[in-house]
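As the structure lists them, so they are numbered: ligands from 1, and atoms in each ligand from 1.
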Amino acid sequence: MKIISIKNLSKTYNTGKISFKALDNVSVEVESGEFVAIMGPSGSGKSTLMHLMGFLDSPDSGSYTLNGVETAKLSDDEYAQLRSGFIGFVFQQFHLLPRENTVENVELPLIYAGKPESHGEGKKLLAEVGLIAKESNMPNELSGGERQRVAIARSLVNNPEVILADEPTGNLDSKSQTEIMQLLAGLNKKGKTVIMVTHDEEVSEYAGRIVRIRDGKIVSDTVNKGKFYEEPPGFKAGIDSAKSIAKPVISRIEFVDYIRQAFNSIMGNKLRSVLSMLGILIGVAAVIAMLALGQGAKDAIQKSLSSLGTNLLTVIPGNIRMGGVSLGTGTVTRFTLQDVDELAKLPEVKFTSGTVSGRGQIVYQDKNWSTQVQGVGENYPVMRNSVPAFGSFYTENDMRTRNRVCIIGQTVATNLFGDADPLGQQIKINRTSFKVIGVLPAKGSSGWRDQDDVIVMPLTTAMFRLLGKEYVDSIDVQVKDFSMMQDAQDSITALLRKKHKITNPDDTSFQIMNMADIQKTMTDTANSMSLLLGFIAAISLVVGGVGIMNIMLVSVTERTREIGLRKAIGAKRKDIMTQFIIESVLMTFIGGVAGIIFGSSATLLLSAVAKWTTSISLVSVVGVTLFSIGVGVVFGILPAQKAAQLNPIDALRYE
Ligand code: ADP
């Protein structure tokens with residue numbers, strides 16, 4: 001039965017302006033089980049014909065029927081399948097993968113045939129070609145003849161019907177040549193169809209038929225039982241035609257195998273891989289650290305704002321206009337103690353507290369300290385979450401009698417008293433004696449201001465005995481419930497306008513600040529800040545991705561021949577794509593994980609050494625991992641595509 005039937009096949013190569021007809025209307029038929037030698041002078045078109053037979057290249061015109069199937073209209077994947085299962089290739093240059101050992105090389109085509117689970121085929125075939133002792137050697141540890149024997153074993157692993165051998169002994173000494181030819185003859189004797197290109201008359205003595213080509217045309221086709229030719233026991237009656245295009249399946253093992261190969265290839269180029277991973281590593285570390293810092297800043301703001309008190313409004317005199325022009329010039333409202341009391345009577349209001357503040361020079365024994373002095377209302381501790389940590393707050397009586405008592409912040413306490421107990425001690429504030437009756441709870445710093453560097457005292461004492469002020473600087477108002485904030489603001493505005501006789505709303509010369517608004521503004525600022533930082537860090541991640549893409553492109557170019565070989569033994573475009581994408585994802589993934597470790601350690605170090613508030617969130621870690629995998633996929637696609645689209649023979653011949 002005819003296994004190959006070629007009619008009027010032509011192939012023209014176009015290089016620049018010159019086109020060269022390498023095959024000119026060639027017709028030839030091959031019976032199943034034949035051993036054919038294609039011979040002719042160099043450049044006559046022998047290899048071209050063989051490549052067309054093996055679907056490594058496509059003809060310009062003509063018909064090619066393989067095992068009864070017209071192949072002209074098959075898809076790319078179907079060609080790949082024929083190369084994988086129906087045809088086995090043996091090349092002059094062997095084309096073994098340098099980073100895979102002997103058994104792995106032999107079993108490579110199994111992956112592409114969808115049979116990645118080895119059942120010892122590799123070892124069995126190595127035994128058949130007499131190389132079982134070298135099963136774990138790398139290709140560079142083998143002689144030329146041994147490499148070719150590995151390549152023959154590889155061509156047999158999917159049990160093909162046809163062996164195509166292109167100058168299989170071209171690179172070998174005469175002893176190896178004999179071994180290889182005996183192997184091929186043996187295969188033919190077992191029923192395989194062998195088609196071999198050679199220019200060597202002695203080699204052709206193993207064949208049963210010689211087809212001679214000259215200038216792209218067949219000049220003779222003779223049955224020529226060579227002196228080493230052994231007739232097979234009988235031609236096969238027919239071949240299962242379903243075998244030619246059987247659908248392979250994708251399995252988990254196949255995936256594992258891709259990862260193993262990707263890992264091998266990364267390890268094969270350690271320095272380069274590490275350098276390109278470095279980009280991703282830095283990017284990921286930056287993103288992790290930036291997000292952690294941003295989150296930390298947000299947490300810190302929230303914490304310090306909540307320490308100011310809740311449902312708090314602050315009324316301050318003055319009038320800030322956007323655009324600069326203030327209409328009510330000179331009419332700044334000044335608040336009196338009476339205003340403070342009146343506001344407290346509003347139905348929405350729980351407490352009010354007038355505040356005055358000024359600088360105070362504090363002296364205790366030989367210690368000097370300059371700090372902020374505040375006169376505050378009696379309800380200050382509740383309104384501002386400032387119930388003294390030690391001692392007590394001042395009483396109503398102190399307020400009425402303008403008593404010289406004060407409650408000091410932690411920073412002041414430390415600076416004036418060190419470890420000693422400040423309670424009951426007399427200190428001088430601007431030369432006036434005060435008794436320390438309490439210490440405020442620690443609040444930490446809000447950004448650049450130390451909230452603990454403060455002294456508070458009765459409002460009246462501060463106004464009339466210390467700072468000489470007749471008006472309060474601002475009024476804090478605690479609203480009964482958060483839902484009443486707006487109503488309270490309206491009532492306060494109305495009351496103050498009435499009291500201060502402001503008729504034109506444009507002249508309103510005081511402002512009400514809502515702590516919730518301020519909190520929101522600050523949180524928003526922190527949010528956009530961390531977003532911005534994260535974004536900048538993400539850019540460096542993308543730059544890292546470009547680095548990976550660069551390396552992958554170089555790697556594709558470098559491994560063009562490997563890709564050609566993989567395609568020749570049955571890899572589909574999808575397989576090549578998958579392989580290179582897995583490789584690039586593996587790189588970005590490893591880089592990403594290293595970046596997370598590095599970024600987190602840097603962050604922890606920052607908070608430990610520089611005492612910055614940081615917070616690494618799981619979301620950012622997971623997000624960044626996914627992102628770096630995404631970078632691998634996106635930047636792997638271009639090189640992978642480039643690799644997958646190569647024509648097998650062009651790739652194989654790439655120099
Ligand atoms: P042989 O195997 O008989 O030595 P080939 O089949 O390899 O010859 O090549 C036949 C002719 O086609 C040669 O003259 C060669 O220069 C030309 N040729 C082969 N491949 C290409 C190619 N990719 N581009 C241009 N010319 C080519």
The single option from Leu164, Asp57, Leu56 that satisfies side-chain contact (heavy atoms from CB on, under 4.5 Å) with Met50 is Leu164

Between Lys227 and Glu201, is the closest basic N to carboxylate O distance under 4.0 Å? no

Residues passing the ring pair (Phe, Tyr, Trp, His ring centres under 6.0 Å) test with Phe35, sequence neighbours excluded, are none

Sort out the contact shell of ligand 1: every protein residue with a heavy-atom distance below 4.0 Å, listed by chain and number. Tyr13, Thr15, Phe20, Ala22, Pro41, Ser42, Gly43, Ser44, Gly45, Lys46, Ser47, Thr48, Arg653

Starting from the C-alpha separation in whole Å, work towards a yes-or-no answer on ring pair (Phe, Tyr, Trp, His ring centres under 6.0 Å) for Phe228 and Tyr206. CA-CA 5 Å; Phe228 304 121; Tyr206 288 85; 4.6 Å; yes

Anything under 30° is parallel, anything over 60° is perpendicular, the rest tilted; go ahead and classify Phe91 against His95. perpendicular

Thinking salt bridges, do Asp76 and Arg573 make one under a 4.0 Å N-O criterion? yes

